[in-house]
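The analysis underlying the following values was restricted to heavy atoms, covering all of them including side chains, and did not include hydrogens, waters or symmetry mates.
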Amino acid sequence: MFSYEMILDDLKGSLSEHRFEHTLGVIQISEKLADYYGINICKAKLAAALHDCSKQKCITEEMMRGIALRTCFPDKYPHQTKGEALLHALASEVIAREKYGITDTEVLSAVRWHTTGCPDMKKLDMLIYSADMIEPSRCFDGVEKLRAVMLEGIEKLTFECMKHTVLYLEQTQSRIHQMTLDAYNYLKEKQMRNGENNG
Ligand code: DGI
Ligand code: FE
Ligand code: FE
């Protein structure tokens with residue numbers, strides 16, 4: 001059984017220096033967001049630590065694909081998943097479960113959905129999705145604006161982060177996964193309904 005400290009130690013050895021630094025950044029901001037939004041801090045730190053755990057130096061894309069197929073979450077679109085960008089989230093959930101012995105379904109879910117998001121995300125799912133985008137070492141255009149949205153609530157923050165991703169994918173003419181679109185539309189509907197009720 002791996003403790004949180006043992007997991008971090010193991011990741012320090014298996015991830016590249018850059019990926020490990022990113023992971024530490026996600027842990028740092030996840031702790032802050034969890035405290036701010038009243039979400040379980042231990043779960044947030046654990047999910048943050050594990051979210052990219054499959055991006056190990058020794059795992060090839062082919063291996064990643066094999067691991068990802070063992071995901072335990074019902075997924076309507078597993079075979080559409082091409083490329084490391086999407087596979088690694090599924091593979092990270094599998095490694096969290098099979099190697100590190102994580103059984104907490106909330107933690108596993110947050111790891112599983114951290115790249116595409118999904119409809120009806122739970123608070124921990126949204127926290128990890130957003131923390132991954134705004135952690136301190138991220139420096140893309142618009143990241144400061146996203147960081148400022150933190151004060152407006154976890155749903156609004158996640159929606160803005162997702163909007164940024166969808167626009168980025170559109171600008172780079174990337175294939176947008178159905179799950180990314182479903183996640184975005186779900187939160188957009190909810191934001192619009194909130195706006196109508198408040199306006
Ligand atoms: O693993 P990280 O780099 O820390 O971050 P991540 O897991 O959020 O992955 C980010 C990448 O995933 C980013 O380049 C955008 C990409 N991505 C997210 N949704 C989709 C996607 N790429 C494609 N092609 N389609 C998607 O729907
Ligand atoms: Fe990731
Ligand atoms: Fe990440």
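- Between the NE2 atom in H164 and the CD1 atom in I134 there is a gap of 12.0 Å [rounded to 0.5 Å].
- Put simply, the residue from K123, K122, K43 that forms a salt bridge (charged side-chain N to carboxylate O under 4.0 Å, His left out) with E106 is K43.
- A salt bridge is defined here as a Lys NZ or Arg NE, NH1 or NH2 lying under 4.0 Å from an Asp or Glu carboxylate O, and E196 with R193 fails to meet this definition.
- I67 has its side chain out of reach of M64: every pair of non-hydrogen atoms, C-beta onward, lies at least 4.5 Å apart.
- Of the N and O atoms on the side chains of Y184 and T158, not one donor lies less than 3.5 Å from an acceptor on the other residue.
- There is no side-chain donor-acceptor pair under 3.5 Å between Q28 and S30.
- The neighbour count for Y4 OH, taken as heavy atoms of other residues, nucleotides or ligands under 6.0 Å away, is above 12.
- Between the T165 side chain and the C161 main chain, a donor and an acceptor come within less than 3.5 Å of each other.
- Within 6.0 Å of CG on D120 lie more than 12 heavy atoms contributed by other residues, nucleotides or ligands.
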S137 and E135: CA distance, side-chain angles, deciding distance, side-chain hydrogen bond (donor to acceptor under 3.5 Å, both in side chains) verdict
CA-CA 6 Å; S137 71; E135 62 95 355; 2.6 Å; yes
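- A salt bridge (charged side-chain N to carboxylate O under 4.0 Å, His left out) check over residues 14-27, counting only residues at least two apart or in different chains, returns the pairs R19-D52.
- Between L11 and C53, some side-chain heavy-atom pair lies under the 4.5 Å cut-off.
- Q178 and D182 form a side-chain donor-acceptor contact under 3.5 Å, judged by distance and modelled atom types alone.
- Using a 4.0 Å cut-off between a side-chain N of Lys or Arg and a carboxylate O of Asp or Glu, R112 and D125 do not qualify as a salt bridge.
- In this structure a side-chain-to-backbone donor-acceptor pair under 3.5 Å is missing from R97 to T103.
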Applying side-chain contact (heavy atoms from CB on, under 4.5 Å), run through F20 and L8 and close with a yes or a no.
CA-CA 9 Å; F20 187 66; L8 265 193; 4.1 Å; yes
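- Here Q191 contributes atom CD and Y186 contributes atom OH; the two are 12.0 Å apart, rounded to the nearest 0.5 Å.
- Side-chain contact annotation: H88 with H114, donor-acceptor N/O pair under 3.5 Å present.
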F140/M133 under side-chain contact (heavy atoms from CB on, under 4.5 Å): CA gap, chis, key distance, verdict
CA-CA 9 Å; F140 54 87; M133 280 197 76; 3.8 Å; yes
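- Note: I95 CD1 to L90 CG = 11.0 Å, rounded to the nearest 0.5 Å.
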